[in-house]
Amino acid sequence: MPELPEVETVARDLQHSVAGATIVHAHVSWDRTIRHPQPPERFVAEIEGATILRVSRRAKTVLLHLEDGRVMTVALRMTGALIVAAADADPDPYVRVVFSLADGRQLRYRDVRKFGRIGLWPGGGLRSVGAGRGSRSRKVAEGARRYRIGEVFSGHGPEPLSRTFTVGRLAERLGRRSARLKSLLLDQAFIAGVGNIYADEALWRARLHPLRRADGLADGEVRRLHRAVRQVLREAIANRGSSLRDYVGADGEPGANAERLAVYRRTEQPCLRCGTRIERIVVGQRSTHFCPRCQPLPVASVPS
DNA sequence: ACGCCTACCTGCTTGC
DNA sequence: TGCAAGCAGGTAGGCG
């Protein structure tokens, strides 16, 4: 479900609605939602009584900072959602964890496909929750070592909306890689928070073919990509995210961005710029949508 | 470094 | 209508 704009929307919603709230009770109905090595019973015991100080986002993970310095991380993966509900709200068979708040409300973790994971990390440090390949060499046995807070997401690439994510930085990173643009945009170690929807949208906006190799871009093309990624994400946040199926904000309402998507899941429909039929191909086992006319593939620009 | 595969899960859509 | 296959916003781990 959620990519950067959706997770950002949830985090902002929660900052407004549950910052300052105290968790008086927790109930876990699908144990594997709780990250190893925390046994669910221990997690429940340790979270009870905690007060939520503030809520933020890093990459596609929601961070609930607790008053005592500990941090609860919620990785929503495909269908996870964090929803604030009244205690007497309708029962929902897909709610995997319920946090009962002191004021009577519930913070519900809902997840149809059960891929999401919730972690609780000690004050002043978290264990690595790295991002795939890039963090592999840094991986250590679970529980064997603690990372300091600044190193928590050390396996992740830059936040695309941060001020430090400049054209120059993107150019430098692209220049060192031979992979296809689409695959790189999905690589959390290369850039944090972009997923399948916004990768396709950004490439369409930048008029770059998803199979172009990263180190083959001209300066102007890098500039277009940098601008496109940031615009697409910012606009989606302004629209509270793209709801294709399961995604809702913490208020339980879907976002409004899905209807503004230019290529994602618009196979065979006309390109909004030139009217050419949008094509669907598979890149790295992920559906990929693009306009064959606006996003041409120059000869010899594909990874071999 | 890179691409490709499988696994984790459930539900909806599509095609015969 | 029924039923199987294919598809889904993510990512970890394994292989060549």
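Naming convention: chains lettered A, B, ... in sequence-line order (proteins, then strands); numbering from 1 in each chain.
- If you check the side chains of A:R280 and A:S287, you find a donor sitting under 3.5 Å from an acceptor.
- Toward the 5′ end of DNA chain B lies the nearest nucleotide of A:S183, the other residue of the pair A:S183 and A:R113 mapping further downstream.
- For the pair A:R265 CZ and C:dG9 P, the interatomic distance rounds to 5 Å; values are reported in whole Å.
- Using a 4.0 Å heavy-atom distance criterion, A:Y198 is classed as making no nucleic acid contact.
- Regarding contacts with the backbone of B:dC5, a side-chain N or O of A:Q285 is found under 4.0 angstrom from either OP1 or OP2.
- One P atom belongs to B:dT6, the other to C:dA5, and the distance between them is 15 Å to the nearest Å.
- Here A:R245 lies in heavy-atom contact (under 4.0 Å) with a base.
- One atom, CZ of A:R180, and another, C1' of B:dC2, lie 9 Å apart when rounded to the nearest Å.
- Residue A:I197 holds its CD1 atom at 5.5 Å from CD of A:E6, rounded to the nearest 0.5 Å.
- Distances shown here put every side-chain N or O of A:R177 at or beyond 4.0 Å from the OP1 or OP2 atom of B:dA1.
- To the nearest whole angstrom, the two P atoms, one in B:dC8 and one in C:dC3, are 26 Å apart.
- Nucleotides C:dG13 and B:dC9 are separated by 15 Å at their P atoms, to the nearest Å.
- A side-chain donor-acceptor contact under 3.5 Å links A:D111 and A:Y109.
- Across the P atoms, C:dG9 and B:dC2 are found 23 Å apart, a figure rounded to whole Å.
- Contact check, A:S178 against B:dC2: a side-chain N or O comes under 4.0 Å of OP1 or OP2.
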Problem set entry | Base-pair map of DNA chain B as dot-bracket, where | denotes pairing with a different strand and pairs are Watson-Crick or G-U under 3.5 Å | .|||||||.|||||||
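- Minimum atom distance to the side chain of A:E3 is reached by C:dG9, of the listed C:dG9, B:dC9, C:dC7.
- Residue whose closest nucleotide on DNA chain B sits further toward the 5' end, between A:R96 and A:V283: A:V283.
- Nucleotides C:dG6 and B:dA7 are separated by 15 Å at their P atoms, to the nearest Å.
- For A:F99 and A:H27, the distance between ring centers is not under 6.0 angstrom.
- Using a 4.0 Å heavy-atom criterion, one finds that A:R280 contacts the sugar-phosphate atoms exclusively.
- Under the 3.5 Å distance criterion, with hydrogens and angles disregarded, no donor-acceptor pair is assigned to the side chains of A:Y247 and A:T79.
- No side-chain donor from either of A:E279 and A:H289 sits under 3.5 Å from a side-chain acceptor of the other.
- Phosphate proximity of B:dG11 to A:Y94: present, with a side-chain N or O under 4.0 Å from OP1 or OP2.
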